[in-house]
There are 2 protein chains.
Amino acid sequence: MELFVEHGYERTTTADIAARAGLSERTYFRHFPDKREVLFDSTHALDTLVVEGIAAAPADAAPLDALAAGLRAGAAMLHGLGDHARARTAVIASQGELRERELAKMSGLVAASAAALVERGVGEAAALLSAEAGVAAFRVAFDRWVATPAGPPLPDVVDAVLAELRQVVAPA
Amino acid sequence: MELFVEHGYERTTTADIAARAGLSERTYFRHFPDKREVLFDSTHALDTLVVEGIAAAPADAAPLDALAAGLRAGAAMLHGLGDHARARTAVIASQGELRERELAKMSGLVAASAAALVERGVGEAAALLSAEAGVAAFRVAFDRWVATPAGPPLPDVVDAVLAELRQVVAPA
DNA sequence: ACACCCGATGTCAGTCGCTGTCATCAGTAG
DNA sequence: CTACTGATGACAGCGACTGACATCGGGTGT
């Protein structure tokens, strides 16, 4: 992060990263599959928080409500990271390949959430659709939270955006 | 596509692609920004079809209904491509970087759709959420269509998945 | 007809991400 | 003390991508 913020992502080589960590470049690639992945080490923690939150939801909760509980749990952690999360987001936003990787990670979150919903007895199709829509709302909420440093805490924003989602997609 | 199907994406070099087209490798990179992009040349056509479909929807249609009209138009084109679309999807599914690029293109479709909805007078937030949810449904429908070559036409699958989406996200 | 220009292409050299291979060097078990 | 194992370093090499310069062909103006 120090190197990326100071010199920019593209102008930082993997050799630079390894040197800063006191390792050889080859060793870097033994810990991370590619240059991008250093920035996405924490996403696994988000996934597990959301999945556990879904599993812990009341058994009679609707799919999207269970998912909302999981997303709130993840949002609480991200909110705790505060400015660090914002700095990381700025770096990612600066580079196309990083944005693509971020989308891939979100896609992974969708898959994990859908699997957690299926575990609760939700049908495959409903689980996948809920997860896609819910995670999309989560992403919208996160962007909104990043843009307003003095705004409400992330979990609240997530709740608000999920409510908007329900309004917009309401059946006729 | 010939090279990718025959030897696989990773084992095909950009020099191979250029040679097959009768050009130098350098010239390839003057037409495409990177190796992946050859496979995503047609996505621009999809975007414009969807956007035009949204603009052409009745003025009093709800956001998600207007989007549905656009997505149906795009689906009709993809359905017409038939096996070619399926082969392309198989290549993309075989490689991580290609899957990431595909997600990025879908993200572009979301942005274009949201902009088209805003053009209709829909609020920014509602437009973005509708677009995210609708395109997610489109993707689910496409995957289902790819998996069932003898199944119903893609536009019908899109309609069916959108109906499922409305059910699942229904407000309490 | 001739000089001119410009956009597309070829060529070459170089950087950087990433990988296979082999040697080295702990620390640990026996 | 030795043998084994896991992590690391060192090195060579491939392939994606870029910058710089030369070339070529087709249209324009005179």
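Proteins come first, then strands; the chains are lettered A, B, ... in the order of their sequence lines, and each starts at number 1. When reading the values below, keep in mind they use all heavy atoms of this one structure, side chains included, and skip hydrogens, waters and symmetry mates.
When atom types are taken as modelled, the side chain of B:Arg36 and the backbone of B:Arg99 share no donor-acceptor pair closer than 3.5 angstrom.
With sequence neighbours excluded, the residues forming a salt bridge (charged side-chain N to carboxylate O under 4.0 Å, His left out) with B:Glu37 are B:Arg101, B:Lys105, listed by chain and number. Legend: residues meeting salt bridge (charged side-chain N to carboxylate O under 4.0 Å, His left out) with A:Glu2, ordered by chain and number and at least two apart, are A:Arg20.
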Report summary line: Scoring nucleotides 12-19 of chain D by protein non-hydrogen atoms under 4.0 Å (B base, S sugar-phosphate only, - none) yields ----SBBB
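Annotation: the span from A:Ile54 atom CD1 to A:Asp65 atom CG amounts to 12.0 Å, rounded to 0.5 Å.
Using a 30° and 60° split on the angle between ring planes, B:Phe142 and B:Trp145 fall in the tilted class, from 30° to 60°.
One finds no side-chain N or O of A:Thr27 lying less than 4.0 angstrom from the OP1 or OP2 phosphate oxygen of D:dT8. Close to C:dA8, at under 4.0 Å from its OP1 or OP2, lies no side-chain N or O of B:His31.
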